[in-house]
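Because the structure is predicted, anything quoted here is derived from the model rather than measured. Start at 1 with the first residue, then count along the sequence.
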Amino acid sequence: PFLLSLLFQIWRLITNFLFFGPLGFSFFFNMIFLYRYCRMLEEGSFRGRTADFVFMFLFGGFLMTLFGLFASLFFLGQAFTIMLVYVWSRRNPYIRMNFFGLLNFQAPFLPWVLMGFSLLLGNSIIIDLLGIAVGHIYYFLEDVFPNQPGGKKLLLTPGFLKMVFDTPEEDPNYNPLPEDHPENQLRDQDQNQQQPQ
């Protein structure tokens with residue numbers, strides 16, 4: 001019965017990342033940061049690499065779920081946000097940040113500033129530490145270890161994700177039909193424009 005009930009509640013593995021607590025300052029704060037840093041990652045270091053972006057989500061979600069089980073953490077939305085912030089901040093180390101006009105610091109300190117702010121709001125910092133830890137594991141395996149002497153890329157995006165999310169590369173040996181050549185299409189357009197209407 002337990003396995004059967006678990007099978008029918010598989011959706012909980014996804015929805016626990018979509019809960020940010022009751023409506024309030026903390027909820028809107030998390031939503032703004034999730035949108036902002038998710039967008040900046042997608043348009044920055046993951047531009048043209050949608051499959052790798054999705055794989056980061058899956059890898060981070062898997063680790064958070066695993067660690068969350070041991071720490072009895074069941075709602076991981078805030079940890080997921082902090083993971084995205086951490087990865088972005090480490091990939092943009094020289095950007096100057098300003099927090100509510102009170103603090104000026106370099107981008108890599110942003111996750112720690114957010115953790116301190118979360119502590120001021122009376123939230124548990126364990127969820128923030130989880131997000132920082134998972135973000136650091138991803139950053140280390142993706143950006144640091146492959147560039148070390150003897151290091152190699154351990155996080156390889158599965159081929160089926162590339163097939164689903166990435167646009168296929170053009171075959172260099174493809175030879176279009178004569179009527180499909182770009183120069184012929186431009187010539188036809190010019191002729192059509194020169195004909196009297």
Side-chain angles (χ1 to χ4, degrees), residues 6-21 26-71 73-95 97 107-108 110-112 114-115 118 126-148 151-172 174:
L6 188 65
L7 182 65
F8 287 115
Q9 298 193 25
I10 199 86
W11 47 272
R12 290 180 187 268
L13 293 173
I14 298 169
T15 55
N16 68 27
F17 294 103
L18 305 177
F19 181 75
F20 295 94
S26 184
F27 174 86
F28 290 110
F29 193 74
N30 272 294
M31 292 301 293
I32 289 168
F33 269 73
L34 179 66
Y35 169 76
R36 177 179 168 82
Y37 289 97
C38 192
R39 179 178 176 181
M40 286 199 293
L41 275 174
E42 186 178 15
E43 294 178 352
S45 58
F46 286 102
R47 178 179 289 277
R49 299 169 50 219
T50 306
D52 294 337
F53 192 47
V54 171
F55 182 65
M56 181 188 70
F57 279 28
L58 295 174
F59 177 78
F62 172 76
L63 283 185
M64 278 183 224
T65 303
L66 196 64
F67 295 153
L69 287 173
F70 290 109
L73 299 171
F74 303 111
F75 298 110
L76 301 170
Q78 186 174 336
F80 190 76
T81 301
I82 293 291
M83 180 195 81
L84 294 176
V85 170
Y86 185 91
V87 172
W88 176 85
S89 69
R90 293 306 298 263
R91 287 184 171 177
N92 298 274
Y94 302 112
I95 292 182
M97 308 292 295
L110 179 60
W112 304 100
L114 293 180
M115 188 179 74
S118 184
I126 293 183
I127 196 90
D128 292 34
L129 286 173
L130 175 62
I132 289 172
V134 171
H136 182 72
I137 290 170
Y138 176 82
Y139 171 74
F140 179 80
L141 292 177
E142 181 71 13
D143 295 7
V144 177
F145 184 67
N147 297 318
Q148 300 298 313
K152 63 177 182 176
K153 192 168 170 62
L154 297 176
L155 296 180
L156 300 174
T157 304
F160 77 91
L161 286 179
K162 289 182 180 274
M163 188 174 64
V164 171
F165 292 104
D166 287 350
T167 54
E169 295 180 10
E170 289 191 18
D171 183 3
Y174 173 68

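- What you find for Ile127 and Leu76 is that their closest heavy atoms are CD1-CD2, 3.9 Å.
- Here the side chains of Asp52 and Lys162 are in contact, with some heavy-atom distance below 4.5 Å.
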Quiz item: For Phe57 and Cys38, what are the C-alpha separation, side-chain angles and deciding distance, and is it a side chain to side chain contact (heavy atoms under 4.5 Å, CB included)?
Solution: CA-CA 10 Å; Phe57 279 28; Cys38 192; 3.7 Å; yes

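- Ser45 places none of its side-chain heavy atoms less than 4.5 Å from the side chain of Trp88.
- Listed by chain and residue number, Phe29, Tyr37 satisfy the ring pair (Phe, Tyr, Trp, His ring centres under 6.0 Å) test with Phe33 (two or more places apart in sequence, or in another chain).
- Note that the CG atom of Leu58 and the CG atom of Leu63 stand 11.5 Å from one another [nearest 0.5 Å].
- Here the CG-CG distance, from Leu66 to Leu130, works out to 10.0 Å after rounding to the nearest 0.5 Å.
- Atom OH of Tyr35 sits in a sparse spot, with 12 or fewer heavy atoms from other residues, nucleotides or ligands closer than 6.0 Å.
- Within a 6.0 Å radius of CD1 in Ile126, no more than 12 heavy atoms belonging to other residues, nucleotides or ligands are found.
- Residues Pro93 and Pro108 share a closest heavy-atom pair of O-CD, 3.4 Å.
- The shortest side-chain heavy-atom distance between Phe46 and Arg49 falls under the 4.5 Å cut-off.
- Contact detail for Ser118 and Gln78: the closest heavy-atom pair is OG-NE2, 3.3 Å.
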Pairs under 3.5 angstrom only: tabulate donor-acceptor contacts from the side chains of residues 132-145 to other protein residues two or more places apart or in another chain.
| unit_1 | atom_1 | unit_2 | atom_2 | d |
| --- | --- | --- | --- | --- |
| His136 | ND1 | Tyr86 | OH | 2.7 |
| Glu142 | OE1 | Lys153 | NZ | 2.9 |
| Glu142 | OE2 | Lys153 | NZ | 2.6 |
| Asp143 | OD1 | Arg91 | NH2 | 2.9 |
| Asp143 | OD2 | Arg91 | NE | 2.7 |
| Asp143 | OD2 | Arg91 | NH2 | 3.4 |

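- Here the closest heavy-atom approach between residue Leu41 and residue Val87 is recorded as CD2-CG1, 4.1 Å.
- Evaluation of the side-chain contact (heavy atoms from CB on, under 4.5 Å) rule for Phe165 yields Thr50, Ala51, Val54, Leu161 as partners, not counting sequence neighbours.
- Going from atom CD of Glu42 over to atom CG of Leu84 covers 11.0 Å, rounded to the nearest 0.5 Å.
- Considering CD1 of Ile82 and CG of Leu114, their distance stands at 4.5 Å, rounded to 0.5 Å.
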